[in-house]
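The next block holds one structure in the form of structure tokens; read it before the comments.
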Amino acid sequence: MRGFLEYVPGNSLLHRLNPITKLLGAIIFAAACFCTSNLPFLLVMLMAGVAMAASCGMMQQTSKLMKAVLVFSAILALIQLLTIPSGTMLIPLPWGYVGSDGAGAAATTILRLEAAAIPLFLTFYVTKITDMTNAAVKVLHVPYRYAFTFSSTVHFIPVFLNDMHGIMEAQTARGVEFDAGGIANKVRFMVPLCVPLLVSSVRKTNSAAIAAEVRGFNLRTRTSGFREYPMTATDYAAFALVAGLLAASICLTVLL
């Protein structure tokens, strides 16, 4: 079973881009989604994200992401529907009504979150974390200790998830029913699991720190890595494309 954000090799254009191009491009793409409320533009951005996923052969993983984001965004959209009584009345409510403005805001929230999440998800899925760390040090001159902290955080996420899963399985074998009862009952059962997870996390973090120090972590500099990450014409073209999308998003917001 694939782990969280496990690297997927491939030969698509997105795979061949510089790791910094992919990361900064995804951030700019997401920023463009949040700079406008124009529904047609957000729909185009969503279709562009889906096209990128298809070009990488990752439609299955992306569809799972979209379902998860849809659940979260639907909750926010429902809140907006019930709390923005403005515009043309669509559905009367005891405390007001569902207005056209609220419906537009709800649709914008769903499209915006879906479109912004896909490129960020693809970036981490098609890029090795070590390459992203080393490229940040080589290209952006980020101090290695900060880049290493970021990569370690991402590496530890699946480890902690597996630990939590193992703890829950052990408690289930002892008769604990996590799926029984309401939300309050689930929280009551989940809170005690934080203690063994915290102990395990501290042990793993301490072991990783000792291992890094033994391997000369404090001596690592920007010139220590042997691999280079040159920027190519394709990278600059990708930057120009996402910058154009951001500019278009801002213009739509200002003009409309």
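We count residues from 1, following the sequence as given. None of these values were measured; they are calculated from a predicted model.
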Nearest heavy-atom approach of N38 to T36 is N-OG1, 3.1 Å
Looking only at heavy atoms, which two atoms of C33 and A116 are closest? And how far apart? SG-N, 3.9 Å
Any residue meeting side chain to side chain donor-acceptor pair (under 3.5 Å) with Y229, in chain and number order, not counting sequence neighbours: D131
For D235, give me all partners under salt bridge (charged side-chain N to carboxylate O under 4.0 Å, His left out), at least two apart in sequence or on another chain. none
How would you list, by chain and number, every residue that makes a ring pair (Phe, Tyr, Trp, His ring centres under 6.0 Å) with F160, sequence neighbours excluded? F156
Single-linkage hydrophobic cluster Y125~I118, side-chain heavy atoms < 4.5 angstrom: yes
Going only through I, L, V, M, F, W and Y residues with side-chain contacts under 4.5 Å, is there a path from I250 to V44? no
Within this structure, what is the CD1-CE distance for the pair I20 and M231, rounded to the nearest 0.5 Å? 8.0 Å
All heavy atoms of F148 vs all of T133, minimum pair found to be N-CG2, 4.0 Å
Before giving the answer on side-chain contact (heavy atoms from CB on, under 4.5 Å), spell out for I210 and N206 the whole-Å C-alpha distance, their side-chain angles and the decisive distance to 0.1 Å. CA-CA 6 Å; I210 294 174; N206 185 55; 3.7 Å; yes
What heavy-atom pair brings S201 and L197 nearest, and what distance separates the two atoms? OG-O, 2.7 Å
Please find the pair of heavy atoms, one from A115 and one from F29, that lie closest to each other, and give the distance. O-CE2, 3.4 Å
More than 12 heavy atoms of other residues, nucleotides or ligands under 6.0 Å from CD1 of I91: is that the case? no
Pairwise distance CG(L46) to CZ(R112) - rounded to 0.5 angstrom: 13.5 Å
So, using side chain to side chain donor-acceptor pair (under 3.5 Å) as the criterion, who are the partners of Q60 when residues are at least two apart? none
So does M59 get a backbone contact from the side chain of S63, meaning a donor-acceptor N/O pair under 3.5 Å? yes
If hydrophobic clusters are built from ILVMFWY residues whose side chains come within less than 4.5 Å, do I129 and L23 share one? yes
Can you spot which of L120, L122, I27, V126 makes a side chain to side chain contact (heavy atoms under 4.5 Å, CB included) with K22? V126
F121 with V50, same ILVMFWY side-chain cluster at under 4.5 Å: yes
State the OG1-CG distance between T123 and L17, to the nearest 0.5 angstrom. 9.5 Å
Single-linkage hydrophobic cluster, 4.5 Å side-chain cutoff, M45 and M52 together: yes
Taking atom CE of M47 as the centre, report whether more than 12 heavy atoms of other residues, nucleotides or ligands fall under 6.0 Å from it. no
Ignoring hydrogens and angles, write down the donor-acceptor pairs under 3.5 Å from the side chains of residues 66-85, residues two or more places apart or on other chains.
from, atom 1, to, atom 2, distance (Å)
S73, OG, V69, O, 2.9
S73, OG, L70, O, 3.1
Q80, OE1, T109, OG1, 2.7
Q80, NE2, T109, OG1, 3.2
T83, OG1, I79, O, 2.5

Correct closest heavy-atom pair for L39 and T108 would be CD2-OG1, 3.4 Å
Inter-residue atom distance F34.CZ - L113.CG, 0.5 Å rounding: 5.0 Å
Output the distance between atom CG (N18) and atom CD (E228), rounded to the nearest 0.5 Å. 11.0 Å
Taking side chain to side chain contact (heavy atoms under 4.5 Å, CB included) as the test, write out the residues that go with S200, two or more places apart. D163, K204
